[in-house]
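One structure is given here, and the rest of the page talks about it.
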Amino acid sequence: MTTDTPARLLQLLSLLQTPREWPGGELADRLGVSRRTVRRDIDRLRELGYPVQATMGSDGGYRLVAGKAMPPLVLDDEEAVAIAVGLRAGAGHALEGVDEASVRALAKLEQVLPARLRHRVSTLQAATTPLTSGDGASIAPETLTVMASTVAGQERLRFAYRAKDGTESRRLTEPYRLVSTGRRWYLVAYDLDRQDWRTFRVDRVRDPFATGARFAPRELPTGSAAEYLRRSIHGRADARTYEYDVTFEAPAELVAARLPSWLGTPTPDHAHDGDQNGSGNSNSETREGGCRLRGSTSDPVEWVAVRLAMLGYEFSVREPRELIDCARELGGRLERAAATKGGSGGEGDRSRG
């Protein structure tokens with residue numbers, strides 16, 4: 001039971017900011033107080049300017065709705081618009097640091113934004129094209145906010161889903177968590193039709209719909225959504241995890257600034273223990289200003305090779321052999337492309353004034 005009134009009001013406000021209707025009895029149980037106390041606390045929030053809407057019925061219900069003005073939060077109109085636009089841009093590309101907590105924040109913020117501010121957010125986002133470092137597919141922020149709302153409100157979610165082979169299906173799920181890998185968003189959920197846990201790539205989801213039906217959360221086998229996703233990805237029949245070892249002729253801080261976090265963190269490379277890429281050359285000299293990247297992934301070697309080449313720094317692949325061969329083949333293909341007729345520039349660089 002929360003006896004401190006300010007703390008209880010903050011807890012009540014946090015519950016109401018989830019986009020759903022809360023029966024008075026359920027709020028009383030969550031807060032450990034009587035329904036009468038809940039009604040008094042709702043009146044206090046209204047006095048503070050929070051637009052809490054009540055519905056009639058045997059149990060009654062409460063919902064935080066958009067008012068004529070922003071509730072007296074720390075944010076003013078300009079700050080609210082700026083934050084909403086930033087969260088939308090980041091959430092749509094699964095950028096590092098914009099995880100499920102940020103998507104929940106976006107869902108709460110857009111729930112209480114007045115219509116005039118929601119229109120400004122949509123207009124500004126439609127008129128701009130963000131240059132992001134995300135490698136995954138773009139996702140409509142509305143898709144993420146609907147999913148985040150159903151996770152927070154323990155509400156069943158229905159959506160259309162396209163599998164890897166292009167098969168279309170309709171899914172009815174009990175959503176558990178949204179997980180960002182830095183490249184993609186995934187939904188970990190219990191699939192009611194298949195009676196088992198599943199992971200869904202959010203960029204393959206269409207028309208997510210909150211059904212309004214509540215559910216009691218099930219216990220996830222691994223206890224952690226991130227761990228369940230990791231096992232799900234690595235446990236695929238077509239997935240093979242391999243370790244890579246790459247050296248760069250550039251300082252670690254410069255490489256790290258361009259390197260996606262899912263590939264790891266480069267470290268200064270002060271010395272080599274010998275050439276391990278199969279060339280037979282031994283090199284034990286100190287490398288000044290170079291760095292080394294080691295890690296493991298189940299991504300295709302073709303994708304890793306391309307991503308390393310896109311960094312713009314000279315690099316050498318020490319292992320595995322598959323990545324070495326792929327980098328060699330990619331280099332040859334690009335060299336042949338540059339040697340084709342008309343590859344000398346033609347009409348010149350049209351991007352220059």
Side-chain angles (χ1 to χ4, degrees), residues 1-88 91 100-124 141-142 144-157 175 209-217:
M1 176 178 179
T2 306
T3 57
D4 182 69
T5 300
R8 191 176 65 246
L9 286 177
L10 288 175
Q11 185 178 356
L12 173 60
L13 182 58
S14 178
L15 292 172
L16 290 175
Q17 284 181 328
T18 300
R20 56 162 288 193
E21 183 172 275
W22 290 87
E26 187 174 351
L27 287 176
D29 291 339
R30 289 287 190 105
L31 299 173
V33 298
S34 66
R35 298 188 186 189
R36 182 178 180 182
T37 300
V38 170
R39 289 194 293 270
R40 288 202 303 264
D41 288 345
I42 291 293
D43 289 337
R44 291 189 180 98
L45 290 179
R46 287 169 174 162
E47 291 172 0
L48 292 172
Y50 292 93
V52 182
Q53 184 182 75
T55 57
M56 305 299 293
S58 58
D59 195 21
Y62 301 94
R63 177 190 292 270
L64 190 65
V65 298
K68 295 181 179 179
M70 280 290 296
L73 302 175
V74 180
L75 306 175
D76 59 25
D77 286 2
E78 299 300 326
E79 293 168 335
V81 170
I83 291 176
V85 170
L87 287 174
R88 274 180 165 225
E100 186 201 350
S102 296
V103 175
R104 291 201 310 269
L106 175 60
K108 290 180 179 181
L109 180 58
E110 294 198 341
Q111 171 71 11
V112 297
L113 279 178
R116 57 186 173 82
L117 294 187
R118 285 200 300 271
H119 177 71
R120 286 177 58 186
V121 170
S122 299
T123 300
L124 181 57
E142 293 80 4
L144 286 170
T145 54
V146 169
M147 289 184 165
S149 298
T150 58
V151 168
Q154 297 172 8
E155 185 176 348
R156 287 181 177 176
L157 176 70
F209 174 72
T211 65
R214 313 291 178 215
F215 65 89

**Prompt:** By side chain to side chain donor-acceptor pair (under 3.5 Å), which residues pair with Thr211, not counting sequence neighbours?
**Reply:** none

**Asked** How many angstroms lie between CD1 in Ile42 and CD in Gln53, if you round to the nearest 0.5 Å?
**Response** 11.5 Å

**Complete:** Sorted by chain and residue number, the side-chain contact (heavy atoms from CB on, under 4.5 Å) partners of Val146 (sequence neighbours excluded) come out as Leu157, Pro208

**Fill in**
Across all chains, not counting sequence neighbours, the salt bridge (Lys or Arg N to Asp or Glu O under 4.0 Å) partners of Asp29 are none

**Request:** Kindly write out the residues that satisfy side chain to side chain donor-acceptor pair (under 3.5 Å) with Arg44, not counting sequence neighbours, or none if the list is empty.
**Result:** Asp41

**Asked** Does a side-chain N-to-carboxylate-O contact under 4.0 Å join Glu26 and Arg214?
**Response** no

**Item:** Side-chain donor/acceptor of Thr150 to backbone N/O of Ala210, under 3.5 Å
**Value:** no

**Heavy-atom pair with the smallest gap, counting every atom of Pro175 and Arg156** = CD-CA, 4.2 Å

**Complete:** Distance col, row Leu27:CG vs Tyr62:OH, nearest 0.5 angstrom, shows 8.0 Å

**Asked** Rounded to the nearest 0.5 Å, how far does CD of Glu155 lie from CZ of Phe209?
**Response** 8.5 Å

**Fill in**
Here the gap from Leu64 atom CG to Leu45 atom CG, rounded to the nearest 0.5 Å, amounts to 8.5 Å

**Message:** Under the rule for side chain to side chain donor-acceptor pair (under 3.5 Å), what residues qualify as partners of Arg39, not counting sequence neighbours?
**Reply:** none

**Prompt:** Can you name the nearest heavy-atom pair linking Leu31 to Gln11, along with the distance?
**Reply:** CD2-CD, 3.5 Å

**Request:** Kindly write out the residues that satisfy side-chain contact (heavy atoms from CB on, under 4.5 Å) with Gln154, not counting sequence neighbours, or none if the list is empty.
**Result:** Arg30, Phe215, Pro217

